[in-house]
Amino acid sequence: MEILQLIQSNLLTPIILFFLFGIIAARIKSDLKIPEAISEFLPIYLLAAIGLHGGIEMRNTGFENMLIPMFVAIGLSLLFTLNHYQILRRLGKFNIFDSYALASTYGAVGAVTFSVGLSFLKNQGVTSEGYLAAILAILEPVAFIMAIFLTNMAVSKQIRVKKQSFTNDDVSDIDVGLRETKTKLSQVLHESLTGKAIVILLGSIVIGYMIGESGFSSISIVFDQMFTGAIVIFMIEMGIIAGQRLGDIKKVGVFLIAFAVIMPTFNGIIGVLVATGMGLSLGGAVMFGLLLASASFIAAPAVLRHAIPQANPSLYITSALGITFPYNIIVLLPIMFAISTLVHGEGSIDLFNYITK
Amino acid sequence: MEILQLIQSNLLTPIILFFLFGIIAARIKSDLKIPEAISEFLPIYLLAAIGLHGGIEMRNTGFENMLIPMFVAIGLSLLFTLNHYQILRRLGKFNIFDSYALASTYGAVGAVTFSVGLSFLKNQGVTSEGYLAAILAILEPVAFIMAIFLTNMAVSKQIRVKKQSFTNDDVSDIDVGLRETKTKLSQVLHESLTGKAIVILLGSIVIGYMIGESGFSSISIVFDQMFTGAIVIFMIEMGIIAGQRLGDIKKVGVFLIAFAVIMPTFNGIIGVLVATGMGLSLGGAVMFGLLLASASFIAAPAVLRHAIPQANPSLYITSALGITFPYNIIVLLPIMFAISTLVHGEGSIDLFNYITK
Amino acid sequence: MEILQLIQSNLLTPIILFFLFGIIAARIKSDLKIPEAISEFLPIYLLAAIGLHGGIEMRNTGFENMLIPMFVAIGLSLLFTLNHYQILRRLGKFNIFDSYALASTYGAVGAVTFSVGLSFLKNQGVTSEGYLAAILAILEPVAFIMAIFLTNMAVSKQIRVKKQSFTNDDVSDIDVGLRETKTKLSQVLHESLTGKAIVILLGSIVIGYMIGESGFSSISIVFDQMFTGAIVIFMIEMGIIAGQRLGDIKKVGVFLIAFAVIMPTFNGIIGVLVATGMGLSLGGAVMFGLLLASASFIAAPAVLRHAIPQANPSLYITSALGITFPYNIIVLLPIMFAISTLVHGEGSIDLFNYITK
Amino acid sequence: MKLYNVKLLTITCEILAQKNIIEILKKHEITGYTTYEVEGNGARGLRGHGLQTEKNVKVEVIIREGKLSDVIEEISRTLFADFALVLYVSDISVVRTEKF
Amino acid sequence: MKLYNVKLLTITCEILAQKNIIEILKKHEITGYTTYEVEGNGARGLRGHGLQTEKNVKVEVIIREGKLSDVIEEISRTLFADFALVLYVSDISVVRTEKF
Amino acid sequence: MKLYNVKLLTITCEILAQKNIIEILKKHEITGYTTYEVEGNGARGLRGHGLQTEKNVKVEVIIREGKLSDVIEEISRTLFADFALVLYVSDISVVRTEKF
Ligand SMILES: Nc1ncnc2c1ncn2[C@@H]1O[C@H](COP(=O)(O)O)[C@@H](O)[C@H]1O
Ligand SMILES: Nc1ncnc2c1ncn2[C@@H]1O[C@H](COP(=O)(O)O)[C@@H](O)[C@H]1O
Ligand SMILES: Nc1ncnc2c1ncn2[C@@H]1O[C@H](COP(=O)(O)O)[C@@H](O)[C@H]1O
Ligand code: NA
Ligand code: NA
Ligand code: NA
C-alpha cells in the first residue's frame, strides 16, 4: 500500500514525467529530439556534478569508512555477473557471447540511473554517503573486465580444442588468435579506465575533495542548483531512445524481459540489505542498492562492441535501456526506499512525512 | 506619445537589443553564429518552459474558462487565413501556391514571438492566463491544415478540368494525383500534430499541470529563472538569420512588405479587443493579440515545403522572419500593450508606473 | 613566500583544477571531450558576459578615463610585438614568417585568459575597471594587423629585389603579387574587425551600457551567476587541447619554450606597473597586465593562417596554448596580483586577508 | 578479392526533400542508403546557413544498374522543379554484390 | 596538369568499428584517410538515431591499387560478420601520386 | 534517362583553406559546390580534434572537363605548399548537364 503511494508520488516528479513524455513522443513518431551535442554533453555534466558533490562530502566525512563498502560492492558485482551468466546460459539458452555481454551489462552500473537516484533522494530530503560516487566509478569497469576475460578464456579454449582436432596448418593462426585475445583484454582494460565516464567522475571527485564547500560556492549554481533541470532535459532524450526501442522488446523474448525486471529487483534489494548491514544511512543504502540494480546502457555498447563483437548489441541495449532503466527509476527506486526506511527502523515516521508532504 | 515611450523603453531591453545586434552582425558579414545544436535546442527549451508555466497556471486557475477563447482563436485564425488569401491573390496577384502559403504563414502562430511576449509582460510585472500556452499549441497547425486543404482542392479542381478537356490517356494519372492529394493531407495532419513544437508544448503543459508549483520548484532555476537569458541567446541567432534575409526583402516586393506590417497590426489589435471582450486580463489580451499577429517562421518551412512545394519558400520566410517578427516584437507589442491597458481601464496608472519606472 | 602561497591557493580553484584535469585526461588518452557545439558556444557566451559586465560598469563610472589606458595599451602592444619580432628573428633564428606570426600571437590578447583573470579577481573580492573589456576588444586586432602589414612589406621587398635581378618575364606576376598583398591586408582588416570575438564583445559592451544594472537583472543569472561554472566547463576542453599539444612542445624547441614563459612575465609586469602609474585600481592593473601578458590562441590561427600562411601554425598554437596559457593563469596571475597589491600600497593588509581567508 | 561493378547514385538536395527521396527509394524496394548533412551553393543560392530547414543533405545509394534509371527518372520528374537538387552517378565496385 | 590513376576505398560502417578499420589501415602502412559521421539504413536497420554509439561513419582512403586488395580482404575477413559495414572502390585521379 | 559525362573534383583540406578554394572556384566562374566538415589523417598529422580551426573540410565540385585543369592548376600552385590538402578527380554522369 505505502509502496504504491511512493511509486505514485515518484511518478509525478518532472524527471519521471519527462521520461514518459519522451517515450510517448517516440511512439507517436514525433521528430522531437535533443540535439546530439546536448545529449552528449549532459552525461559529462551530470557525472561532473555527481563527482564534485561526492568529493566534497568525502572531504567532510573522511573516506576511511569507504573501503569496506567498496570491496563489498566489487565482490557483489562480480558474484552477480557470474550469477547472471549462469541464468542466461543455462535457463535462457543464450549463446556464450550474448550471455557474457548481458551478464556484464547487468553487473555493471548505470550513471544515469545513479543521477536519478540522487535526485529522488534530494526530493525526499534524504542524503547519502559521498563516497558512493567513488564506488560508482570503481564499479563501472569491474563487471565488463570479468565478462570479457571469461569470454576470451572460453574462446581460447574453443580454439585450442579445434587446434587439437584439425591439422597443424592453422597453428600460427591460433597463436595469433591467442595473442590477439591478450591484446584485446589489455586494450579493454585501458579503454575502460580511460573511458570518459570514469575519467570525469574520478577527476571531479578529486577536485571536489580538494576545493571543498568554499571552493565550490562559485560554481554551485551550475553544478548543483541546475542538476535536476539538466536531468529532466536528459530524460527527454532517454525517453525518446527508450521509446524507439520499445518495438524491439518483442524480439528480446519473454525470458529476457523477465530477467530484466527480476534480476535488478533481486540485486537491488540484496544491495539495500547488505548496505544497511554495513551501517550505511537510509539514503546510502538506497543508492548502494541502485548501483547493484542498475544496468549499463551508455558504457555497455562502447565497451562490449569491441570486446565481444559477436554478441548482439540490440539484446543488451534494448533490455537495459528499454526495460530495466524505466523499471528501476519508476518502480524499484521507491521499493528500495521503502525497504531501506523499514530496515533503518524509521519506517513509520519517515513514510508518514513522505506521504503527507 | 506614450506609445512611442513604450516602444523606446522596449527597445532598450536585452532581448530586443541582442536581436538588433544579431542583425548588425549579419549585415557586416561577421562570422558570428550560435552553434546549430544550441539554436536547435533553444526553441525546445523555450517551449518546455512556456508549457510548464502554462500548465502550472492552469492547475491553479482551472481550465474551464479556456474553451471559449480557444474556439474564438481558432475561428479568428481560420477567418484571417482566408482573408489573407483573398488579399494576396486578388490585390497582390500572387499565384495560388504562394498565396496559400503566405496566408497560412500569417494565420499560424510564432512560438518565438510568444516567448518574447511573455518576457515583455514579465518585464512589465503583468501576468497572463496560463491556458494561452495551450491555445498556442492548438493554433499551430490550424492555419496550415486549412491552407493545405484548400490548395489541394484547388489543384484537384485544376486536374479535373484538365481531365475533361484531354483524352482519357491520363485518367489513371489523375486518379493517382487525387489519391496522392488525400495521402498528402493526412500526412501533413500527422506531421503537424507530431511536430516537435506541438509535442513538447502539449507535453510540458500536461506535466506542468500534473506537478504543480511544488513539483516545479526543483527545476525552476532552469525552466523559469534562466528563461530570459536563454531567449537573449536565441535572439542573437534570430537576429543573424533575419539580418541575412534583409537583402532578400527587395525581392519580396513592396506589396508583401506592406502586407507583412499592416496585416499583423490589424490581426493583433482585433485580437486584443476580442480578448478583452471575452474577459481576458490586460496581459492575456496582449498575448492573445500576439498569437493572432504573429507569423510562423520555424514551423512554416517544414510544413509548407512538403505540403505546397510549388510555393517559393523565400517569400514566406523572408516576410515572416525579416519583416513581421522584428515589427511585432519591437513596435506592435508595445502598441498592443498600450491598447490593452487602455481598454482595461487602467491606462493612466499603469502607463505612468511603466514610464516612471 | 606569499607569492607561493598565492599560487598554491590559486591552484586549488575549480577553474585551474579542471584545466589540469583536462590536461591529464588528454595525456592518458581518454576519449573525454566537450562536444564541439558547446566548446564553440562557450567563448561567445563568455565574451557576451564580459562585455555586458564591462558595459554596465562603464555606464556607472563613465568612460572618459578610458582613453589614456587604451592608447597606452595599443602603444605597448605594438611595441611589444616589434620587440618579440626582434628577439625571435635575431636570437631565435626563426624565419621571417614564423617570427611575425609568433610576435603578433604574443602581442595580441587572449579572451579566455581574460575570463579566467576576471574570475580570479572575483574570487579575491577585487573589482576592475569595466572599460578594460573595451580595451580587450580594441587590442585584439592591433598586433595582428601590424605583423601582417610588416610581413607583407617584407615579402614585397623580397619580390621587388627578385624583380630587379631576374628578367622581365615575371613582372606581371610580381605586380599581381603586390596587388594581392594589398587586398590581403584589407581583407585581414575586415576579417579581424568582423571576427566573432570582437563583434560579440563590442556589441555586448554597447548593450550593457544601454541597459544598465536594471535591464541586466532579468538575465543576470545566465550572464553573471553562471559565469564561473561556464568557464570551468570550457577549461576542461582547453585542458584537453593543451594536453594534446604537450607532445608537440619538444618540437617547438627550448628557445621558444623560454620565450613563452619569460616574455609574458616581462610584458605582464610592465603592464601592471604602467597601469598602476596611470591610476588603475589594484584589480584593474592586474587585468591590464594580463592583457599584455596573454597570447592569442583562438583568434590567432584563424587570422594568421590566412594572412601568413607560410608560418607554421603548430609553433604559435602550441606555445600560446600549451605553455603560455597555463603559465599565465596558474603562475603569472598570482604574481601580478601580488605585485599590484604591493605597488598599490595595500600589500600587507590585503595579502593577509587573502591568505587567512 | 573479386569485385563486382555496381553504381553509386548521389543526390545532394535541400533537407526537406530527403523524406521524398527516401520514399522514392522505398517504392523501388531500395532500403540501403547513407545520408549526411552538407552545405552548398548552386542555382538556388547559398544553403546551409540560417534556419535548420535550409540545410542540404547528401543521399548516397549503392544500386544495381537495373534499378538506376527508374529511380533517377522518378526523382527528376517529381522533385527537379520544386527543390534545390543535384544528382550524379558513378561507377563503383563492391565485394558483396548480394547486398544491393 | 598530369593526373595519375589511383583508387578510392570507401567504407561505411558503424562508428564502433572505426577503430578497427584504422588499425587495419595502419597495419598496411596507410596513414592517410578521411572520416566523417553519417546516418544510414541497411541490413542492420536504421542507424544514426538514438545513442551516440549507434551512428555510422564513412572512412575514405586514397590508396594505390597494389595495397587495395589486401586491405579489403582483411576488412572482409575480420569485420563483415560482426559489424554493420559496406565498402566500395572507385577509380580516381590525383596530382601528387607520391602522397599515397 | 540520358546521362552526360562530367567530372567531380573533390578537395579535402584544412578548414581555413576553404575560403581560398571557394575564391578560386569563383574566379573560374564556378558557383556550384557542396561542402562538409570531416576529420582526417595525413602528412600533416591527425586533424579534426581540438581547436575549431584545426578541422578539415571537403569541397566537392561537379565541373565540366574544360574548366577542370585550370582549377586544379591554380589550387596546386597557390595552396599545396602551405595547407594540408588532398584533391582527386572522378568520372560521373549527370542528368542536367546545363547546370554545370
Ligand atoms: N556544381 C556543383 N557541384 C557540387 N555540388 C553542387 C553543384 N551545384 C549544386 N550543388 C549542390 O546542390 C545543391 C542544390 O543545387 P541548386 O539546386 O543548383 O541550388 C547546392 O546547394 C549544392 O549543395
Ligand atoms: N545500398 C546502400 N547504399 C548506400 N549505403 C548503404 C547501402 N546499404 C548499406 N549502406 C550503409 O552501410 C551501413 C551498414 O549497412 P548494413 O550492414 O547493411 O546495415 C548502413 O547503415 C548504411 O549507412
Ligand atoms: N590517403 C588519403 N586518403 C584519404 N584522405 C586523405 C589521404 N591523405 C590525406 N587525406 C586527407 O587530407 C587531409 C590533408 O592531408 P595532408 O596534407 O596529407 O595532411 C588529411 O587530414 C585527410 O583528411
Ligand atoms: Na548492476
Ligand atoms: Na497569426
Ligand atoms: Na599580449
Side-chain angles (χ1 to χ4, degrees), chain B residues 22 26 29 31-44 97 101 112 173 176-177 180 183-184 187-188 191 195-197 237-248 251 296-314 316-318 320-322, chain D residues 9 11-31 33-59 61 67 69-87:
Chain B
K29 299 206 180 304
D31 62 345
L32 180 72
K33 70 187 290 294
I34 304 297
E36 204 183 295
I38 309 285
S39 55
E40 205 177 321
F41 173 65
L42 283 172
I44 298 172
F97 302 112
V112 184
D173 261 30
V176 168
E180 273 178 5
T183 329
K184 216 190 222 174
Q187 255 180 25
V188 166
E191 271 171 37
K196 53 185 158 194
E237 182 69 14
M238 286 296 102
I240 292 171
I241 299 177
Q244 287 165 346
R245 301 222 149 243
L246 279 195
D248 293 351
K251 293 187 211 154
S296 169
F297 52 81
I298 292 188
V303 173
L304 294 177
R305 207 74 189 95
H306 276 130
I308 316 182
Q310 305 91 337
N312 177 359
S314 91
Y316 50 84
I317 300 175
T318 303
L321 177 57
Chain D
L9 169 63
I11 302 134
T12 310
C13 62
E14 53 177 299
I15 199 159
L16 290 174
Q18 178 175 351
K19 207 179 260 183
N20 309 44
I21 304 273
I22 306 292
E23 260 161 35
I24 292 174
L25 293 178
K26 217 176 264 170
K27 215 167 115 184
H28 291 86
E29 281 162 3
I30 297 164
T31 50
Y33 53 83
T34 297
T35 61
Y36 47 102
E37 292 179 2
V38 298
E39 314 193 341
N41 203 354
R44 302 204 181 211
L46 219 59
R47 298 188 52 83
H49 306 273
L51 296 169
Q52 311 291 326
T53 44
E54 300 197 299
K55 283 182 296 198
N56 282 350
V57 73
K58 267 178 85 177
V59 183
V61 196
K67 286 182 176 176
S69 194
D70 288 354
V71 171
I72 294 183
E73 188 279 326
E74 178 151 0
I75 293 176
S76 313
R77 186 171 42 80
T78 59
L79 304 176
F80 268 9
D82 294 330
F83 291 96
L85 195 148
V86 152
L87 66 76

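What's counted below: heavy atoms across the whole structure, side chains too, no hydrogens, waters or symmetry copies. Within every chain, numbering begins at 1; the chains are lettered A, B, ... in the order of the sequence lines, protein sequences first and strands thereafter.
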*pair D/Leu87-D/Phe80: side-chain heavy atoms closer than 4.5 Å*: yes
*Check whether any side-chain heavy atom of B/Thr318 lies under 4.5 Å from a side-chain heavy atom of B/Lys251, and answer yes or no.*
no
_Side-chain touch B/Phe297/B/Ile241, heavy atoms, less than 4.5 angstrom_ = no
_Counting only non-hydrogen atoms closer than 4.5 Å, does B/Gln244 touch chain D with its backbone (N, CA, C, O), its side chain (CB onward), both, or neither?_
side chain
_Structural part of B/Ser39 lying under 4.5 Å from a heavy atom of chain D_ = both
*Is chain D contacted by the side chain of B/Ile317, its backbone, both, or neither, given a heavy-atom distance below 4.5 Å?*
side chain
_Validation row: D/Val71, D/Val61 side chains within 4.5 angstrom (heavy atoms)_ = no
